[in-house]
There are 2 protein chains.
Amino acid sequence: MKQKTRKDEIITTAAELFKEKGYSAVTMRDLATAMGIKAASLYNHINSKQEILKGIIISIAEAFTNGMEGIINSEATSINKLKHIVELHVNITANNTNGMASLNNDWMHLEDQLDYYLKLRNEYEANFLAIIEQGVLDSEIKNSNPEVIMFSMLSTLRSLYLWIPKKEDLNANDLANSLSEVLIYGIND
Amino acid sequence: MKQKTRKDEIITTAAELFKEKGYSAVTMRDLATAMGIKAASLYNHINSKQEILKGIIISIAEAFTNGMEGIINSEATSINKLKHIVELHVNITANNTNGMASLNNDWMHLEDQLDYYLKLRNEYEANFLAIIEQGVLDSEIKNSNPEVIMFSMLSTLRSLYLWIPKKEDLNANDLANSLSEVLIYGIND
DNA sequence: TCATTAAACTAACAATTGTTAGTTTGGTAT
DNA sequence: ATACCAAACTAACAATTGTTAGTTTAATGA
C-alpha cells in the first residue's frame, strides 16, 4: 500500500466527476471545487487535464493486459479461462469503479496515449476471442458464432461499473460466480 | 416515409458526431462544418444544441417504451417475451445506430427532458425485471438472481450500437436469433 | 530562528463556446 | 418581372475554457 499523493487524490476525484458527466463536460474549475481549492492550484500537482485522463485509463488498461496474460498462459480449460476473465473484470471494476467509467466512455479523448490504448484493447479482444475459438475446437463451447459470444460477454463485463456500486452488499466472489453462471450456462430452466 | 426536413438532417449528422466524441465535445462549429455550412446557419432550423440532443434521444426512448408495452401485453411465455425484447433492441439499434450511442452515453446532458427520460428508463427496466421474475415463478427461468440476469441481458443489448455497424453482412433476424441463443441458453456445449 | 518546501492563492491570458442580429442569396410561384 | 421565402451568410457578444506567472501561507527540520 503506497501512500496516496496529492496527485493521486486529484486523479481519484476527477474519476468521480468524469463518471457523472464525462471528461469533456468536467472543467478544471469543477474539479478544483470538488477538491476544495482553486483551479490554478491543480497545476502544482498535474501538468494538464489530459494527464489526468491518462492517469485514470492507462493503468487500468495495463491491469487488464496483465491479467489476460496470466489467463492465456494458464493450464485451465477454455471454460475456466472464461471464468477467470469474469473474475478479472469483477475485481478490477470493484477496485476502481469510477476509473472504469472513463475507460469505457472517454478513451477516445486520449491524445498521446490513444494508439497505445487501442493496441492494448485490440490485443485483449484478440486473446479473448482466441480462448473462445479454442473452446469450440475442444467441444467445450457451442459451435455458434464466437464473435457473438465474445461480444455478449464483454458487453456485460464492461458494464459492471454501472452495476457494482448499486449492489454493495454482494461481494466480488459471489458476483463473479453468479455472472459466470448466467453468461456460460444461460438462464433457461 | 415522411420526407426529411433540414432539421432532420442536422439531427442525423449531429448523432454521427455525438457517437464519435460525445455531446459535450462536439461544438456547433463542428456540426456546421459537417453540414457544409456556418454555425450560425444552424439556428435557422434548430433553437439550441440541447434541442438536438432531445431530438435524438427522446424519440428512441419512446420507441423502446412502446415496444415494451406490446411485449408486456402479449400472451407469449416469459422466454418468448425475452426473445421479443432482444428483437426490439436489435431492430431499433439497426435503424438508428448513432442515436443509440447518444441515448446510452449522453442522456445525462439532457436538461428539461432529463426527468422524463429517467422515468421512461426506470419503467422499462421494471417491466423487463417483471418478465424475468414471472419466468422464474413459472419455472421457465432458473432460480438465480433475476437482477443479474436482467443486468447481463441489458448490458449486451445496450452495447449493440457498437457492434452492429461492424457486422453489416449479418441481417437483423439472424443477429437477434444468435443473441437470443447465447443470452438464454448459454454457451457451453 | 531561519531556510525550505509543499500547496495554496490572485490575476490574467488567448482561445473557444453557444448564440443573436441583421443581411444576402437563389430558387419558386404569382 | 415581382414578391416571397427557405436557407445561407457576416459579424459580433458574453461567458467559459485550460493554462501560466508570480505571490502568499503554513508547517517542517536544521
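Worth knowing before you read on, the calculation uses all heavy atoms, side chains too, and leaves out hydrogens, waters and symmetry mates. So you know, we letter chains A, B, ... as the sequences are listed, proteins then strands, and number each from 1.
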Undergrad: Looking just at side-chain N and O atoms, do K4(B) and T12(B) make a donor-acceptor pair shorter than 3.5 Å?
TA: yes
Undergrad: Measure CZ/R6(B) against P/dC5(D) and give the value in whole Å, please.
TA: 20 Å
Undergrad: Rounded to whole Å, please give me the gap between CD1 in I46(A) and P in dG18(D).
TA: 10 Å
Undergrad: Can you find a side chain N or O atom of K49(B) that sits less than 4.0 Å from OP1 or OP2 on dT19(C)?
TA: no
Undergrad: So what does R29(B) hit on the nucleic acid, given a heavy-atom distance under 4.0 Å: a base, only sugar-phosphate, or nothing?
TA: base
Undergrad: OP1 or OP2 of dA6(C) sitting under 4.0 Å from any side-chain N/O of H45(A)?
TA: no
Undergrad: Do L110(A) and Y116(A) touch side chain to side chain, with heavy atoms closer than 4.5 Å?
TA: no
Undergrad: Among all residues two or more places apart in sequence or in another chain, which pass the side chain to side chain contact (heavy atoms under 4.5 Å, CB included) test with K119(A)?
TA: E123(A)
Undergrad: Could you tell me the separation between the CG atom of D30(B) and the P atom of dT16(C), rounded to a whole number of Å?
TA: 11 Å
Undergrad: Taking atom P of dC9(C) as reference, at what distance in whole Å does atom CE of M35(A) sit?
TA: 11 Å
Undergrad: Send over the distance from Y23(B) OH to dT17(C) C1', rounded to a whole Å.
TA: 12 Å
Undergrad: Both K38(A) and Q50(B) contact DNA chain C. Taking the nearest nucleotide for each, which residue is further toward the 5' end?
TA: K38(A)
Undergrad: Which of the following nucleotides, dT19(D), dC9(D), dT19(C), is nearest to the side chain of M28(B)?
TA: dT19(C)
Undergrad: Specify the separation, in whole Å, of atom CG of L31(B) and atom C1' of dT17(C).
TA: 14 Å
Undergrad: Rounding to an integer number of Å, can you tell me how far E9(B) CD sits from dA8(D) C1'?
TA: 14 Å
Undergrad: Between N122(A) and Y117(A), is there a side-chain donor-acceptor contact under 3.5 Å, judged purely by atom types and distance?
TA: no
Undergrad: Rounded to the nearest 0.5 Å, what separates atom CZ in F151(B) from atom CZ in R158(B)?
TA: 10.0 Å
Undergrad: Looking at S41(B), I'd like to know whether one of its side-chain N or O atoms comes within less than 4.0 Å of OP1 or OP2 on dA7(D).
TA: no
Undergrad: Find the distance L17(A):CG to dT17(D):C1' and express it as a whole number of Å.
TA: 16 Å
Undergrad: Between the base of dA8(C) and the side chain of N44(A), is there a donor-acceptor distance below 3.5 Å?
TA: yes
Undergrad: Could you note down all residue pairs passing ring pair (Phe, Tyr, Trp, His ring centres under 6.0 Å) where residues 28-72 of chain A supplies at least one of them, sequence neighbours left out?
TA: F64(A)-H89(A), F64(A)-Y124(A)
Undergrad: In this structure, are over 12 heavy atoms from other groups packed under 6.0 Å from H109(A) atom NE2?
TA: yes
Undergrad: Closest nucleotide of DNA chain D for Y43(A) versus for A40(B): which of these residues is on the 5' side?
TA: A40(B)
Undergrad: Go through residues 101-116 of chain B and report each residue with a non-hydrogen atom lying under 4.0 Å from DNA chain C, sorted by number.
TA: none
Undergrad: Have a look at T27(A) and say if it touches a base, only the backbone sugar-phosphate, or nothing, with a 4.0 Å heavy-atom cut-off.
TA: sugar-phosphate
